[in-house]
2 protein chains.
Amino acid sequence: MITAEDKFRNYLKMKGLKFTPERKMILKTVLSLHTHFDVDQLYERLRKENSDISRATIYRTFPLLIDSGIMKETLLCRDKTKYEHIFGHKHHDHIICLKCGRVIEFRDEEIERLQKAVCKKYGFKPVEHKLGIRGYCRECQSKMGE
Amino acid sequence: MITAEDKFRNYLKMKGLKFTPERKMILKTVLSLHTHFDVDQLYERLRKENSDISRATIYRTFPLLIDSGIMKETLLCRDKTKYEHIFGHKHHDHIICLKCGRVIEFRDEEIERLQKAVCKKYGFKPVEHKLGIRGYCRECQSKMGE
DNA sequence: GTCACTGCAAACTATTTGCACGGAC
DNA sequence: GTCCGTGCAAATAGTTTGCAGTGAC
C-alpha cells in the first residue's frame, strides 16, 4: 500500500525536485484537512502547528501537489481558489448552499456513466470533471419560509 | 414575447434602479456575444462599437445582469471570471479541451433528471448547476499521438 | 430636484516573482 | 558543491470603491 508521502516523493524525484521539510509539512497538513480549504486557511493551520512556512511557499507547493495527484482545485468559489485532497478518495460531486455555504458531497454512478457516454459521443478523452449544484439546503429553505 | 431589454427594464424598475444608456449598451453587447467572454473582452468589444464605457461600470452592471437572469458566470476558468448570456437559452453543460481551449456545449436530459433526483434525496432546492468536463478533444488527441 | 450612475484613480485582494541566502541531494 | 527551495518584499492582475460631477426619473 503506497502512502501519500511515497507518492509525493516519487513524483518529486521523477521531476528532479527535493522533498524538503516545508513540503513534507504542507503535505501532512493538506491531508489532515477534510474539508475544502483555501491558501489562507492552510496558512493559519500551519501557524497553529507552530510552522512558519510562508504563503509564497504554499503557492509554490500547491501545483506540485496537484500535479502529483494528491489534491485538486474545486470549482466552487468565485473569489479565492479552493482545494481539497483527493488521495485515497473516489471522485464525487458537490451540492453547495447559497445561503449557509454548506457543502454536500455525493456520488452517482449513473451520472458518472452518462458523462462518459457524452464524451464518447464527441470523441473526447476526459481527464477530470466537476459538477456543482448550487441552491438552498433543507435548513435554509425552512428558515426562509419563516 | 418578452425581450431581454424588457426583462432587464422590469428588473431595474423593481429594484428602483435606472435604465441608463450605458446599461442599455452593455446589455446589447452581452447579447451579441455568442461565446464565453470576460470583462476585458466585453470592454474591447464596446470600444470597437465606439463606446467608452469604463471597466468600473461593466463590473457594476454584471451583477445586475446576472441577478435579472440575463447572463451568468461560467465555472470554467481558474483565473479571470468568464460569463455567458442565458436569455432565451436552455441550460447546457460544457466539455473543455485542456490543450486547445475549445468548448463543446451539450445537454443531456437524463443527466439533468438525475441531478434533480439527487437534490430531492437531500431535500435540496437547486437554483443552478454547472457541469464541466475537462480533457482532450479528438483533434488534440490525434495531434498528441504524432 | 433627487438620488442613482458614471469615469477616474486609488485601494484591495489573491497570487506571482526577483533576489540573496540556506539546505537537500 | 550544485542547484533547488525558501522567506521577504515588491510586483501583478483582476476587481472594488471613494469621490465629485452628471443625468434618468
Side-chain angles (χ1 to χ4, degrees), chain A residues 5-6 8-30 36-47 49-68 71-83, chain B residues 5-6 8-30 36-47 49-68 71-83:
Chain A
E5 188 174 312
D6 288 338
F8 194 36
R9 289 184 106 116
N10 290 344
Y11 167 82
L12 292 172
K13 180 167 283 179
M14 183 196 46
K15 291 274 183 175
L17 304 174
K18 292 166 184 169
F19 187 68
T20 63
E22 288 83 1
R23 287 177 182 166
K24 183 186 175 112
M25 185 65 192
I26 290 173
L27 170 64
K28 183 186 150 209
T29 309
V30 161
H36 301 168
F37 58 92
D38 57 37
V39 167
D40 270 358
Q41 287 167 330
L42 187 76
Y43 181 76
E44 290 308 328
R45 183 61 163 263
L46 287 169
R47 287 255 142 169
E49 306 280 335
N50 295 312
S51 169
D52 53 358
I53 295 172
S54 71
R55 282 190 173 76
T57 296
I58 297 175
Y59 277 113
R60 284 186 277 226
T61 303
F62 274 12
L64 306 176
L65 287 170
I66 290 171
D67 199 30
S68 65
M71 68 174 215
K72 67 170 185 172
E73 289 179 13
T74 67
L75 265 192
L76 305 180
C77 281
R78 207 201 146 297
D79 42 342
K80 294 187 184 179
T81 313
K82 288 261 186 177
Y83 306 87
Chain B
E5 188 174 311
D6 288 336
F8 195 36
R9 289 184 106 116
N10 290 344
Y11 168 82
L12 292 172
K13 180 166 284 182
M14 184 197 41
K15 291 273 184 177
L17 304 173
K18 292 165 186 169
F19 187 69
T20 62
E22 288 83 2
R23 288 179 181 165
K24 183 185 173 112
M25 185 64 193
I26 291 173
L27 170 65
K28 183 185 150 208
T29 310
V30 160
H36 300 171
F37 58 90
D38 57 37
V39 167
D40 271 357
Q41 288 168 329
L42 186 75
Y43 180 77
E44 290 308 327
R45 184 60 164 265
L46 287 169
R47 288 255 143 169
E49 306 280 336
N50 295 314
S51 170
D52 54 358
I53 293 172
S54 71
R55 282 190 173 76
T57 296
I58 297 175
Y59 278 113
R60 283 187 277 226
T61 303
F62 275 11
L64 304 177
L65 287 170
I66 291 171
D67 198 32
S68 65
M71 68 175 217
K72 67 169 184 173
E73 291 181 10
T74 68
L75 266 191
L76 305 179
C77 281
R78 206 200 147 300
D79 41 344
K80 291 186 187 182
T81 312
K82 289 263 188 175
Y83 305 86

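Chain identifiers are assigned alphabetically (A, B, ...) following the order of the sequence lines, protein sequences preceding nucleic acid strands; residue numbering begins at 1 within each chain.
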**OP:** Rounded off to whole Å, could you give me the CD1-to-C1' distance for the A:Ile53 and D:dT6 pair?
**Re:** 10 Å

Original post:
Do you know the tightest heavy-atom contact between A:Met71 and A:Val30?
Top reply: SD-CG1, 3.9 Å

Can you pull every protein N or O that's under 3.5 Å from an N or O on nucleotides 22-24 of chain C?
unit_1: C:dG23; atom_1: N2; unit_2: A:Lys18; atom_2: NZ; d: 2.9
unit_1: C:dA24; atom_1: N3; unit_2: A:Lys18; atom_2: NZ; d: 3.3

Original post:
Rounded to the nearest Å, what distance is computed from the CG atom of residue B:Leu65 to the P atom of nucleotide C:dC5?
Top reply: 13 Å

Subject >> Minimum-distance pair of heavy atoms, taken over all atoms of B:Glu73 and B:Ile66 >> reply: CG-CD1, 4.1 Å

Original post:
Looking at CD of A:Glu22 and CE of A:Met25, how far apart are the two atoms once the value is rounded to the nearest 0.5 Å?
Top reply: 10.5 Å

**OP:** For D:dT15, take OP1 and OP2 only and decide whether either is under 4.0 Å from a side-chain N or O of B:Tyr59.
**Re:** yes

Original post:
Hey, does the side chain of A:Thr81 come within less than 4.0 Å of C:dT15's phosphate (OP1/OP2), counting only N and O?
Top reply: yes

Original post:
Given atom CD1 of A:Ile26 and atom P of D:dG5, what is their separation to the nearest angstrom?
Top reply: 12 Å

Original post:
Roughly how far apart are B:Leu46 CG and B:Thr57 OG1, rounded to 0.5 Å?
Top reply: 10.0 Å

Subject >> Distance in Å, B:Tyr11 OH paired with B:Leu17 CG, rounded so as to fall on 0.5 Å steps >> reply: 6.5 Å

**OP:** Look at the side chain of B:Arg23 and decide which nucleotide, out of D:dG14, C:dT6, D:dG5, has an atom nearest to it.
**Re:** C:dT6

Subject >> Approximate separation, where rounding is to 0.5 Å, of A:Ile53 CD1 and A:Ile26 CD1 >> reply: 4.5 Å

Pull out every protein N or O sitting under 3.5 Å from an N or O of nucleotides 8-12 of chain D, one pair per line with the distance.
none

**OP:** Take the protein atom CG of A:Leu42 and the nucleotide atom P of C:dA14, then report the distance between them rounded to whole Å.
**Re:** 15 Å

Original post:
Once you build an axis from the first five pairs and another from the last five of the helix from C:dG1-D:dC25 to C:dC25-D:dG1, how far apart in angle are they, to 10 degrees?
Top reply: 40°

**OP:** With DNA chain D as reference, determine whether A:Leu64 or B:Asp38 sits nearer its 5' end, using the nearest nucleotide of each.
**Re:** A:Leu64

Original post:
Under 3.5 Å, is there a donor-acceptor pair between the side chain of B:Arg23 and the main chain of B:Lys18?
Top reply: yes

Original post:
Minimum heavy-atom separation for B:Ser68 to B:Phe8, with atom names?
Top reply: OG-CD1, 3.7 Å

Subject >> Considering all heavy atoms, the nearest B:Leu42-B:Phe37 contact >> reply: CB-CD1, 4.3 Å

**OP:** Can you tell me the distance, in whole Å, between the CZ atom of B:Arg55 and the P atom of C:dG7?
**Re:** 12 Å

Original post:
Taking all atoms of both residues into account, what is the closest heavy-atom pair of A:Leu27 and A:Glu5, and its distance?
Top reply: CD2-CA, 3.7 Å

Subject >> Integer-rounded Å distance: D:dG14 P and B:Asp40 CG >> reply: 6 Å

Subject >> Short side-chain to backbone donor-acceptor contact, B:Gln41 and B:Asp38, under 3.5 Å >> reply: yes

Original post:
Can you check the B:Leu12 CG to C:dC3 C1' distance for me, whole Å?
Top reply: 15 Å

Original post:
Whole Å only: how far is the NZ atom of B:Lys13 from the P atom of D:dA24?
Top reply: 15 Å

Subject >> Nearest-0.5 Å distance that lies between atom CG in B:Asp67 and atom NZ in B:Lys15 >> reply: 5.0 Å

